[in-house]
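All heavy atoms count here, side chains included; hydrogens, waters and symmetry mates do not.
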Amino acid sequence: MPPKARPAAEPAPVQEKREFVHPSAKHARKQAIKDAFAIQPISAFYLFLGANAIAALFSPIQDCDETFNYWEPTHYLSHGYGLQTWEYSPEFSIRSWLYITLHAILSNIRRLLPHSNKVAEFYYLRYILAFVCAFSQTLMWRAICLALSPRVGIFFILAIIFSPGNFHSSTAYLPSSFAMYMSMLGAAAFLNWRGGIKTAQGMFWFAVGGVLGWPFAAALCAPFVAEEILFAAVSDTDRLFESIMRILRGVISALLLMAFDAAINAFFYRKIEFVTWNIIKYNIFSETGGPDLYGTEPWTFYFKNLLLNFNVWFVLAVFALPLFLLQKLFLRSAGETFQSGLRTFVFLTPFYMWLGIFTLQPHKEERFMYPAYPFLALNAALALHSLLILVGNPNPKSLVGKIPAKFKLFVVGSGLLASFAVGLVRVWGLYSGYHAPLSIYSPLFEVGGRGDTVCFGKDWYRFPTSYFLPKDMHAKFIRSEFRGLLPGEFSEARTGFGFFGGTWLPTIGLNNRNEEDPGKYVDMRSCVFLVDSHFPERHEALPPNEPDYSKNVDKWEEVKCVPFLDTEKTHFLARALWVPDWSIVPEKYRRKWGSHCLLKQKK
């Protein structure tokens, strides 16, 4: 028999030749960035900046405190005159001049550029605030991507840029907004442990927000410091010492910052004042009633307000912890450690802590929530991430696993799109309904003269700022039905009083009890211009001190009127959101309009 033929050797498998890619190559760096962040960091910055720039251009001034406590002192430093609240009286000294000075320096840069005027300074400063806020948001987003996941980072972006809350807070000239910026920088340091634990750096940024901005906002760093202490307590001696040194460096930086703030305030008040302590003392230990003098609200106030300003994102933020616990209970990953789970719990804590503390306070204002907005967005992003993991469970034996994947995607996608739509509709409703107080003063630069006065009666709290008045034109008050304390004026004394004498000279008629001072009113005959609102839908008899001046055509002529939402006659739905004035919309839900007018007294 012939020998059996050997079977032909099988060809060796061809190994795929991989092209070597140097880590420093441009396309390699792009892929690494995409893997870490999902989108380029510069793209995230542009998204934040775009949303904030829209707010800078179109957002109404939400709170007269922004006008009288921040824009007016800045106007005084820049232009030599402005309205003064009791908080800036040297007798009480509960506002930091360092915070005002920084903004005055920035706004004055606009005066060096072509086509400068005071209105341009106003919007220039708002654009700077938009940039700083976007930078802070980008750093926090970056830290979220590195500490948690790129998907959580994407949800964080969406929760921020489509929320009316960001429209209010991102460019508001308020300490609570400034504290929000610093909270994001501090959170970015605490979240990102790459390159080492950054406790001192995080504490410093929270201290900047607390000392220059709002002292209570510094409490937001408490969960992160507690995390540091907890991990240090279970570590060896060397790590415990390192932890103590990090916290000590953070405390020292905060004390140095307070000393610098006190030095600047000493220059303006002409005496040593620790403004941070003065604010805490007034709000917590005041014997005159403290902030409660300005109104109290029920415990539901912030829940309603946050639901309006963040809609579904607020709901997600509230349920972030339960969803996280459900995820860990039913879908615990093999590589997960106790430390990573505890860190996520720490990340969720600041929002709950802040909401709980301020819900218990009788005096409530929307701006008090601003420092916690980034943490609300973080909680909402983590909640949506956990929800998608739970809903995306592929186990066919589970109830969720039996739901078709396309249907789950449709439900989640529809919810997000609805959230975006509601947010945009509210933003447009706010602008279209309330932009009038920023829109009626432009004729003054043509028909007004130096030394003229613009008077305010019942609309005193709608005065935007002296930045909207031509040079040397002053705002004055006439008597209305309001019986609280109105702002006075910074002294304009110069000769013999040094720089900014109005910041330290004794004041007359200012008190911390919100008691009316009749000396704040001027005779109406001295008013060249008058700002007043007219609401034709209101048929009730008007109070004696608040007549409809626009109807007195023998004494007043209209210079400019802009439509203004009548909040008393408009349904809640049309106040909260933009409702079109279409015939198909029931009359009950249509917006009712008045006019916000600039009037000139006839000679």
Side-chain angles (χ1 to χ4, degrees), residues 39 43-62 123 126-127 129-131 133-134 137-138 141 153-172 177 180 303-318 366-367 369-370 373-374 376-381 383-384 409-439 562-565 567 570-582 584-585 589-593:
I39 62 172
S43 300
F45 173 75
Y46 287 147
L47 289 172
F48 288 127
L49 184 61
N52 298 346
I54 291 172
L57 188 59
F58 297 111
S59 177
I61 292 179
Q62 293 280 109
Y123 284 105
R126 271 196 164 190
Y127 288 132
L129 295 178
F131 179 90
C133 184
Q137 289 165 333
T138 304
W141 163 81
I154 291 294
F155 295 154
F156 177 80
I157 292 175
L158 297 178
I160 291 286
I161 65 174
F162 287 106
S163 70
N166 186 70
F167 184 70
H168 299 326
S169 62
S170 59
T171 58
S177 285
M180 180 183 73
F303 290 85
K304 294 176 181 177
N305 183 266
L306 292 173
L307 193 59
L308 276 174
N309 288 331
F310 286 91
N311 52 74
V312 72
W313 297 107
F314 171 61
V315 177
L316 287 169
V318 169
E366 178 178 321
R367 59 192 169 96
M369 281 291 113
Y370 288 0
Y373 278 2
L376 185 156
L378 173 58
N379 277 35
L384 184 56
L409 180 63
F410 171 78
V411 171
V412 174
S414 299
L416 290 178
L417 289 175
S419 170
F420 302 157
V422 170
L424 294 175
V425 166
R426 175 161 171 77
V427 166
W428 176 248
L430 290 168
Y431 169 74
S432 61
Y434 302 104
H435 74 96
L438 296 180
S439 305
V562 176
F564 192 64
L565 191 67
T567 55
T570 301
H571 190 274
F572 168 76
L573 180 64
R575 296 198 311 270
L577 305 172
W578 174 74
V579 175
D581 298 325
W582 298 341
I584 59 173
V585 177
Y589 297 105
R590 294 186 199 175
R591 298 197 289 179
K592 307 300 185 295
W593 293 96

### For the student: nearest non-hydrogen atoms of Asn305 and Glu366, plus distance
ND2-OE1, 3.1 Å
### Task
Start with the C-alpha gap between His435 and Ser59, add the side-chain angles, then the distance that decides, and say whether side-chain contact (heavy atoms from CB on, under 4.5 Å) holds.
CA-CA 8 Å; His435 74 96; Ser59 177; over 6 Å; no
### Contact check, side chains of Phe167 and Pro60, non-hydrogen atoms, under 4.5 Å
yes
#### Entry: For the student: nearest non-hydrogen atoms of Pro437 and Phe564, plus distance
CD-CE1, 3.7 Å
### Task
Indicate yes or no: at least one non-hydrogen side-chain atom of Tyr373 is less than 4.5 angstrom from one of Phe310.
yes
### Message
Keeping Ser43 on the side-chain end and Ile39 on the backbone end, is there a donor-acceptor pair under 3.5 Å?
### Response
no
### Summary
Separation between CG (Asn311) and OG (Ser163), nearest 0.5 Å, reads 8.5 Å
### Query
How far apart are the closest heavy atoms of Pro164 and Val427, and which atoms are they?
CA-CG2, 3.9 Å
### Query
Is there side-chain contact between Leu424 and Trp428, with at least one heavy-atom pair below 4.5 Å?
no
### Check: Ser414 side chain, Phe410 main-chain N or O, donor-acceptor pair, under 3.5 Å
yes
### Task
For Arg591 and Thr570, indicate whether the former's side chain and the latter's backbone hold a donor-acceptor pair under 3.5 Å.
no
### Task
With rounding to the nearest 0.5 Å, note down the distance linking CG in Asn379 to CZ in Phe156.
11.0 Å
### Query
Between Tyr370 and His168, is any pair of side-chain heavy atoms under 4.5 Å apart?
yes
#### Entry: Gap between atom CZ of Arg126 and atom SG of Cys133 - 0.5 Å precision
13.0 Å
### 4.5 Å side-chain heavy-atom contact, Arg367 and Ser169
no
### Query
Is a side-chain N or O of Asn52 found less than 3.5 angstrom from the main chain of Phe48, in a donor-acceptor match?
yes
## Note on the structure
The side-chain contact (heavy atoms from CB on, under 4.5 Å) partner of Leu307 among Val318, Val312, Val315 is Val315
### Query
If you count the non-hydrogen atoms of other residues, nucleotides and ligands that lie under 6.0 Å from OH in Tyr123, is the total more than 12?
yes
### Query
Could you state the interatomic distance from OG (Ser432) to CZ (Phe58), rounded to the nearest 0.5 Å?
12.0 Å
### Query
Which heavy-atom pair separates Leu308 from Arg426 by the least distance, and what is that distance?
O-CD, 3.2 Å
### Query
Passes side-chain contact (heavy atoms from CB on, under 4.5 Å), Tyr589 versus Phe572? Steps please.
CA-CA 8 Å; Tyr589 297 105; Phe572 168 76; over 6 Å; no
### Query
Quick one: are Leu416 and Trp313 in side-chain contact, heavy atoms under 4.5 Å?
yes
### Task
Kindly indicate whether the side chain of Leu438, heavy atoms from C-beta on, has any atom under 4.5 Å from the side chain of Ile61.
yes
#### Entry: Ile154 CD1 to Leu384 CG distance, which is reported to the nearest 0.5 Å
12.0 Å
### Task
Return the minimal non-hydrogen interatomic distance between Leu376 and Ala317, and the atom names on each side.
O-CB, 3.5 Å
### Message
On a heavy-atom basis, which atom in Ala56 and which in Ala130 lie closest, and how many Å separate them?
### Response
CB-CB, 4.4 Å
### Query
Parallel, tilted or perpendicular for Phe420 and Phe162, by the 30°/60° rule?
parallel
### Verdict with supporting geometry, Gln137 and Asn166, side-chain contact (heavy atoms from CB on, under 4.5 Å)
CA-CA 11 Å; Gln137 289 165 333; Asn166 186 70; 3.0 Å; yes
### Query
Does Arg590 reach the side chain of Val579, with side-chain heavy atoms less than 4.5 Å apart?
no
